[in-house]
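Quick one: the structure is below, questions incoming.
Letters go in sequence order (proteins before strands), and every chain restarts at 1.
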Amino acid sequence: MKRCHRLALEEFSQLLARSGKEPFAFQKQTWRAYLQGEDGLVHAPPGTGKTLAALLGPVIDWSSSGAARATQAQSPLQLVWITPLRALATDLERSICQLLADLRIPWRAEKRTGDSTSSQRTRQRARLPEILITTPESLSVMLSWPDWSKHFASLRAIVVDEWHELLGTKRGVQAELAIARLKGIVPSLRLWGLSATIGDLDGAMQTLLVGTPLPKRRRIDAKQSKKIEIHSIIPQQIERFPWAGHLGVRLSREVIPIIERSQTTLVFTNTRSQTELWYQALLAELPALAGQMAVHHGSIDRSLRAWIEENLQSGKLKCCVCTSSLDLGVDFSAVDHVIQVGSPKGVARLLQRAGRSGHAPGQTSHLTFVPTNVLELVELSAVKMGIEKGWLEDRCPLEKPLDVLAQHLVTVALGGGFEPAALLAEVRRTAAYQQLSDEEWKWVLDFCQHGGSSLAAYPDYHRLVWDGLRYTVSSSRIARRHRLSIGTIVADAMIAVRYRKGGQLGMVEESFVGKMKPGDRFMLAGKILELVKVHDNTAWVKKSRGTTTTVPQWMGGRLPLSSQMSHALRSLFHDARDGTLASAEMEALAPIFEVQREWSMIPGARQFLVERLQNRDGYHLFFYPFDGRLLHEGLAVLFAYRMSRLEPISFSMAMNDYGFVLVSPTPPPLEKAIESGLLEAGPLTVDVLNSLSTSQMCRRQFREVARIAGLLFEGYPGARQPSRHLQASSNLFYDVFEKYDPENLLLLQAQREVLQSQLEIQRMRQVLERLSTSQMVILDLPRATPLAFGLLVDKMRDRVSSEKLADRIRRMQQPLQRAAEKIEGG
DNA sequence: TATTCCCCGCCAGGGT
């Protein structure tokens, strides 16, 4: 380290110590590594001082070199700080300004995000601040300025905050491309990532720092491990607790004492409608919470959410029921307890949520788990096992998504244009596009210039123009539309919900409002509302004094069970088979395990249990791989396909995280299918493509790809296209490509994304390999077992009215209940 | 009586 650096480091350490902020060891390590010219990844739990760690290297470097002060001719920009959340940008702006003031550094730190004011924008367009805090999307927008390179020429370092959140997403790839662009004009640019705990941290670092030579890469781990205490609410009479379902409101009473004795509580649920139901349930239990409790999820209006976040931060709210929308973001130091309703479905997710309480160095996080059905207690045990053994989910980097590249080419063309060979070299310096072939590059370039082979007649798709030296954009219409569409998040169009007088409450789906008539009531944002009319893409409502049980439901992904959780689940069932119940949750389940053992069996880790059962609904085959519902969906269709190839037979099916059921009107040829390769992994891709209605899935996925690549324009602000229009035009492109341009790489990409991300073909292969080397146990049973129960309920939901369903569920549960009670009694 | 369906982002020049 240079002498001037050493002196400056000493001086700042003392300054911090004097103001009561004795630096942590990992912070000092980060500063030293920075000053020695290294790039790196800082891994630290939330609330342990990552911001200061990443900030001080560039600050010391600048303050100890007199020359740096002279390079401010065009722009004083020193540091770009990339964050995935606008709310975080706001928070960082405040805390970094405070730190700079404490350290007496004459820098400005300013955010630039989609919610920046126009005066901020105008000012920044003339001159960027010393520290620019921004999102991957806003950074891309800035790269589309024709004179962007003048603004960024003085840049010295980039910090990528919450890198674990961006890794493995198209937003992350967009950030990689932007970083490569900036490195193109400042080759000496320094790069640091900040990450929470995830599975493959070295892989995470490798992806971000792919351009940094190995000896110059440093990983720094904050040694302060966060203490977490996890408790479960265990239902008094386990056998009378629901055996299926996911809402869990019947335990809301048990949650009240926790809320009462805590300063502030966050209640996490898995779906948006569930937050609304839990809010009402808690309010009914404790009316005094009115005014001190809020609902927070992705369909609540932004301004309302901002208000909630502010009041959480200041400790004015006692409780907030939320979805993943509060998984990360602003530090809420008042939160001292977290409640998780239902299975978190992943180890890292539970850790992240627990970490929202006790959010300061040295404090303990407290989390209480509320199960919604009996088997979720096993899942919580699985999470605890995962935490104990360090089985954390990985984030797999994406490989060359061509839609993101197409968008980037137009952005770069707007930003002063490009010379193809140079840009190709730059793009290949990112982890995502290292393996980009010449053919793929040419195809994307041609796609941006002519719209590919089938759209040559449409000028809107001739976005790039070759001027003999460079590719540029000449049409101002194309330029404007492109800047409006920068980004990789594709959301469904929704209907705004507004009071007749006053503000917007949130958004609901078109189809939900479509089913309602004026006068109908529903709940949103914790309020009971009455629909007045639907007009102008807006549902106008007024407050209602009545009650309702109607909750909007939003389309969204169902949280998939991670493979780490699957592994832990199998291991827990294995132990239960051998009589070991290693946690309070598992012990509570003893009567249920006993019923499963007596009526059928508890499968060990190397066993594959198949239960066969016939009743008036048909022939049932229950398979239990314990690999999560997403994967079971694929396996169910694959098995049905492979059996129906042997003889004509049709199946209906249902699946959950533990297994799946196939039901047929005639006996299924199970044994014959096993002999002829039911579990074979070899011809998997072909069979899956043949068996799944992949074209519907591909169409949906293609809409995302087409939007990102710039084929679909969502409309100008305030005049968004309705989602059915977009799906219609997306389908049109899909049909045209399929017919006239089947080798279209965007089409192939949509298929690949379906296979890899949705069907997890890679994992399916591994699962089949495991199953085929397991001992398959086929049992013929007279009645449904505890494991089968949830699948049967799910199966019936499709056909039966909800009243009859409840009756049938009660009837089905009775024998199980009696058996379990007998076991517990005796 | 019980409903399964996370999250995140995005313009700008010419007119009052």
Side-chain angles (χ1 to χ4, degrees), chain A residues 82-89 112-116 118 121-122 125 134-142 144-145 162 165-166 169-172 174-175 242 244-250 268-277 296-299 302 305 322-329 342-346 349 352-353 372-373 407 411 414 476 479-492 509 549-560 629-630 654 656-657 707-708 714-718 720 790 793-794 796-797 800-810 813:
Chain A
I82 301 174
T83 152
L85 248 66
R86 301 204 293 213
L88 270 176
R112 182 187 175 104
T113 60
D115 56 355
S116 298
S118 63
R121 281 160 195 269
T122 316
R125 190 69 186 79
T134 189
T135 58
E137 289 82 2
S138 284
L139 183 55
S140 289
V141 168
M142 288 183 266
S144 80
W145 293 347
E162 314 274 0
E165 192 63 23
L166 291 170
T169 69
K170 290 184 181 179
R171 302 186 72 202
Q174 185 161 44
H246 80 288
L247 287 179
V249 271
R250 77 156 67 188
F268 281 101
T269 68
N270 287 342
T271 70
R272 282 169 272 185
S273 47
Q274 206 176 0
T275 59
E276 301 280 350
L277 283 164
H296 192 287
H297 59 71
S299 293
R302 282 202 177 278
R305 285 162 65 180
C322 57
T323 59
S324 296
S325 55
L326 288 183
D327 267 2
L328 75 162
S343 166
K345 304 290 179 193
R349 185 175 295 111
Q352 179 88 37
R353 291 182 173 177
T372 62
N373 64 51
Q407 186 181 105
T411 302
L414 276 169
S476 59
R480 178 146 190 256
R481 283 165 61 128
H482 181 78
R483 290 201 176 97
L484 275 167
S485 322
I486 281 181
T488 61
I489 298 171
V490 181
D492 271 315
E509 292 196 346
T549 53
T550 310
V551 199
Q553 280 167 14
W554 292 267
M555 275 280 281
R558 209 182 305 222
L559 297 177
R629 96 163 255 135
L630 212 63
N656 62 20
D657 282 325
R707 216 297 270 139
I708 296 171
E714 285 184 340
Y716 293 96
R720 296 273 172 211
V793 171
D794 222 41
M796 291 187 315
R797 258 198 251 294
V800 189
S801 76
S802 57
E803 203 169 327
K804 282 197 189 128
L805 176 65
D807 277 350
R808 289 194 64 174
I809 290 174
R810 250 197 310 280
Q813 183 162 343

Side chains of A/His482 and A/Thr411, donor plus acceptor under 3.5 Å: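 On atom types as modelled, these side chains qualify, holding a pair under 3.5 Å.
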Rounded to the nearest angstrom, tell me the gap between atom CG in A/Leu85 and atom P in B/dC7.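 Spelled out: CG on A/Leu85 to P on B/dC7 is 12 Å.
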Nearest whole Å is fine: how far is B/dT1 C1' from A/Gln813 CD?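 Whole-Å distance recorded here is 12 Å.
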Of all the nucleotides listed (B/dC6, B/dT4, B/dG9), which has the minimum atom distance to the side chain of A/Arg272?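 When the side chain of A/Arg272 is considered, B/dC6 is the closest of B/dC6, B/dT4, B/dG9.
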Which whole-number value in Å describes the distance from A/Asp794 CG to B/dA2 P?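 Those two atoms, CG and P, are 15 Å apart.
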For A/Phe268 and B/dC6, what is the distance between atoms CZ and P respectively, to the nearest whole Å?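 Rounding to the nearest Å, CZ of A/Phe268 and P of B/dC6 are 15 Å apart.
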Any luck finding a side-chain donor-acceptor pair between A/His297 and A/Glu276 under 3.5 Å?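 A/His297 vs A/Glu276: donor-acceptor pair found between side chains.
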With a 4.0 Å cut-off on heavy atoms, is A/Ala491 in touch with a base, just the backbone sugar-phosphate, or nothing at all?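 Base contact - A/Ala491 has a heavy atom under 4.0 Å of at least one base atom.
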Heavy-atom contacts, protein to nucleotides 10-16 of chain B, under 4.0 Å, summarised as B (base), S (sugar-phosphate only) or - (none) per nt, yield BBB----
Under the side-chain contact (heavy atoms from CB on, under 4.5 Å) rule, what do A/Ile486 and A/Gln407 come out as? Steps first, then yes or no, please. CA-CA 7 Å; A/Ile486 281 181; A/Gln407 186 181 105; 4.1 Å; yes
Tell me the interatomic distance from A/His297, atom NE2, to B/dC8, atom P, rounded to whole angstroms.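 Whole-Å distance recorded here is 11 Å.
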Taking only side-chain nitrogens and oxygens of A/Arg302, does any of them come within less than 4.0 Å of OP1 or OP2 of B/dG9?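 So the side chain of A/Arg302 is within the cut-off, an N or O lying under 4.0 Å from OP1 or OP2 of B/dG9.
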Do A/Thr488 and A/Arg707 get their side chains close enough for a donor-acceptor pair, meaning under 3.5 Å?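 No.
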On the nucleotide B/dC5, are OP1 or OP2 found under 4.0 Å from the side-chain N or O atoms that A/Thr271 carries?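 Indeed, a polar side-chain atom of A/Thr271 lies that close.
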Distance below 4.0 Å between A/Ser273 side-chain N/O and B/dC5 OP1 or OP2: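 It does, given that an N or O in the side chain of A/Ser273 lies less than 4.0 Å from OP1 or OP2 of B/dC5.
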Among A/Glu162, A/Glu165, A/Glu137, which one satisfies salt bridge (Lys or Arg N to Asp or Glu O under 4.0 Å) with A/Arg171?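 That would be A/Glu137.
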Go through the steps for A/Thr135 and A/Ile82 under the test side-chain contact (heavy atoms from CB on, under 4.5 Å), then give the verdict. CA-CA 5 Å; A/Thr135 58; A/Ile82 301 174; over 6 Å; no
Can you tell me which nucleotide in B/dC6, B/dC5, B/dT1 comes closest to the side chain of A/Gln553?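 Selected nucleotide: B/dC5.
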Any idea which of B/dC6, B/dC7, B/dT3 is nearest the A/Ser325 side chain?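 So the nucleotide nearest the side chain must be B/dC7.
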Grab the CG-P distance between A/Asn656 and B/dC5 for me, whole Å please.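 Atom-to-atom, A/Asn656 to B/dC5, this comes out as 16 Å.
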Heavy atoms only, 4.0 Å cut-off, all strands: where does A/Asp327 land among base, sugar-phosphate and nothing?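 Answer is nothing: A/Asp327 stays at 4.0 Å or more from every strand.
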Take the protein atom NZ of A/Lys345 and the nucleotide atom P of B/dC5, then report the distance between them rounded to whole Å.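 It works out to 14 Å between those atoms.
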Answer with yes or no whether the side chains of A/Thr113 and A/Arg86 bring together a donor and an acceptor at under 3.5 Å.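 Note: A/Arg86 and A/Thr113 side chains miss the donor-acceptor criterion.
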Taking O4'-C1'-N9-C4 for purines and O4'-C1'-N1-C2 for pyrimidines, is B/dC5 syn (within 90° of 0) or anti?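 In terms of base orientation relative to the sugar, B/dC5 is anti.
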Separation of A/Leu247 atom CG from B/dT4 atom C1', in whole Å?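 Those two atoms, CG and C1', are 7 Å apart.
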